[in-house]
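Beneath this line is the structure, given in structure tokens, with notes to follow.
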Amino acid sequence: MQQEPPFVAVRTTAENHKKPGISQAGLATKLAFFIAGFGLACWAPMVPYAKARLGASHAELGTVLLFLGLGSVLGMPAAGTLAGRLGSKAIIVAGSVGLLLALPMMAGASTGLALGAALFLFGLSLGAVDVAANIHGTEVQTRAGRPLMSSFHGLYSVGGLVGAAGMTAALSFGLGIVASAMIASAIIVTCIAVAISRLLATRAPVQSEGSFFVMPHGIVVLLGVMALLIFLVEGAVLDWGAVLLSEYRDVSIGNAGAGYVVFALTMTIARLVGDRFVLAVGNRATLLIGSALTLAGIALATWGSSFALILVGFGIAGFGAANIVPVLFSLAGTQKMMPAGYAIAATSTLGYLGVFLGPAVIGYAAGLIGLPAAFGALAALMVIVAGLSGIVVRYILGPTTRIERA
């Protein structure tokens, strides 16, 4: 049975592997992904503290979280266009600076308005780094002539693991939330300092000088919808996983970030071997297997009868979701209906609507049917991802495409 590759129309040769600067640019790309994952994950253990400080209900917290989504929705398409005019390097650096400023602001916010403003900056910056890192990664992958996106996204997961575990550990040992956020910002500064001289100065193609946002169309819409659904699950684990454990499973607030830590750990492991896995089974099988595992994991995390089973559920969900996103971004960079920069920005924007707007919807739903039921309902969305998998892979790569090897 013929397998479709994750990265097509590329000849893998020894010459490609030895191109000057590719390894350094790859390192810089990994650091950019690390910054995005690390910054986002540092927020997860802070959510229960922010909720308690504001005395907010589930619905009220969901409303404040909308500011994070709004910032991302504005930042992502803007980053796609600006990367074409200024280069992805400038966007990665600017977004990273925004992240390191936003983290202490979120930690110290004492009113809903202050937290909303900090979350808006956080979302704007995170969206910019995410899109620019994917554009930069696509360029590095093309120059290298071999699949790299899963390994790049693996560093996003490493960042998520380090951020969630580090912040959870700091808080559980009694370090103040503001001090913990300041340490996180210092780590981001270090990453920028190492990456800045290694980032490529190239620009992504744009359609016209006058366009700032291009509506996605054709197959890119389906890629965006699939990204939205899988990112919605990730957003739920990020923003509500700790609340679920602390309020419904009798886990102490200092240890409530454990669910996301396990989720991030298994996702990291799966992504670090993801390029080889996708080459072995193909894009469609990767999407189908990932959807099934994510569905099962979310169900177990929601209704598991013990803390250990719940953590196993989070782990299965992270393992399943891991390589869905890298495949979707590779497909966005491969399709020919839109320039790669715009397609990646559109896929990111639609996807992160799930990360940042989805949890707000879950908050409102939790007020009506309870958080466990609202959280568990996410599992059904993976059926849609599985259903769309064959369509997008067949349209973009064709039914009999093979990777070329020298």
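Every heavy atom of this structure was used, including side-chain atoms; hydrogens, water molecules and symmetry mates were not. All residue numbers in this chain count up from 1 along the given sequence.
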With [X] via side chain to side chain donor-acceptor pair (under 3.5 Å) - residues at least two apart:
X	answer
Ser150	Asp275, Asn323
Lys89	none
Thr63	Tyr364

Could you pull out the closest heavy-atom pair between [X] and [Y], with the gap in Å?
X	Y	answer
Ala83	Ile135	CB-CD1, 3.9 Å
Leu244	Ala301	CD2-O, 4.2 Å
Leu148	Gln141	N-OE1, 2.9 Å

For residues 183-197, which side-chain N or O atoms pair as donor and acceptor with protein atoms under 3.5 Å away, sequence neighbours left out?
unit_1, atom_1, unit_2, atom_2, d
Ser185, OG, Leu100, O, 2.7
Ser185, OG, Ala181, O, 3.2
Thr190, OG1, Ala186, O, 3.1

Would you please name every residue forming a side chain to side chain contact (heavy atoms under 4.5 Å, CB included) with Ala296, sequence neighbours left out?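 Partners of Ala296 by the side chain to side chain contact (heavy atoms under 4.5 Å, CB included) criterion come out as none, since no residue qualifies.
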
Pairing residues for Ser246 by the side chain to side chain contact (heavy atoms under 4.5 Å, CB included) criterion, not counting sequence neighbours: Ala256

Give a yes or no on whether the backbone of [Y] and the side-chain of [X] come within a donor-acceptor separation of less than 3.5 Å.
X	Y	result
Lys51	Ala56	yes
Glu139	His136	no
Arg249	Thr302	yes
Thr347	Ile344	no
Arg53	Ala107	yes
Asp130	Leu126	no
Thr266	Phe263	yes
Arg271	Ala322	yes

Quick check on Met182: does its CE atom have over 12 non-hydrogen neighbours (other residues, nucleotides or ligands) under 6.0 Å away? no

More than 12 heavy atoms of other groups within 6.0 Å of Phe375 CZ: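 It does: Phe375 CZ has more than 12 such atoms within range.
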
What orientation do Phe329 and His153 show, parallel under 30°, tilted 30 to 60°, or perpendicular over 60°?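 The arrangement is parallel - the two ring planes meet at less than 30°.
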
Mind checking the [atom1]-[atom2] spacing from [X] to [Y]? Nearest 0.5 Å is all I need.
X	Y	atom1	atom2	value
Ile324	Phe231	CD1	CZ	10.0 Å
Leu68	Phe120	CG	CZ	10.5 Å
Tyr248	Trp240	OH	CH2	8.5 Å
Leu61	Ile362	CG	CD1	11.5 Å

Output, in order, the C-alpha distance, side-chain angles, deciding distance and verdict of side chain to side chain contact (heavy atoms under 4.5 Å, CB included) for Thr294 and Phe319. CA-CA 7 Å; Thr294 305; Phe319 193 85; over 6 Å; no

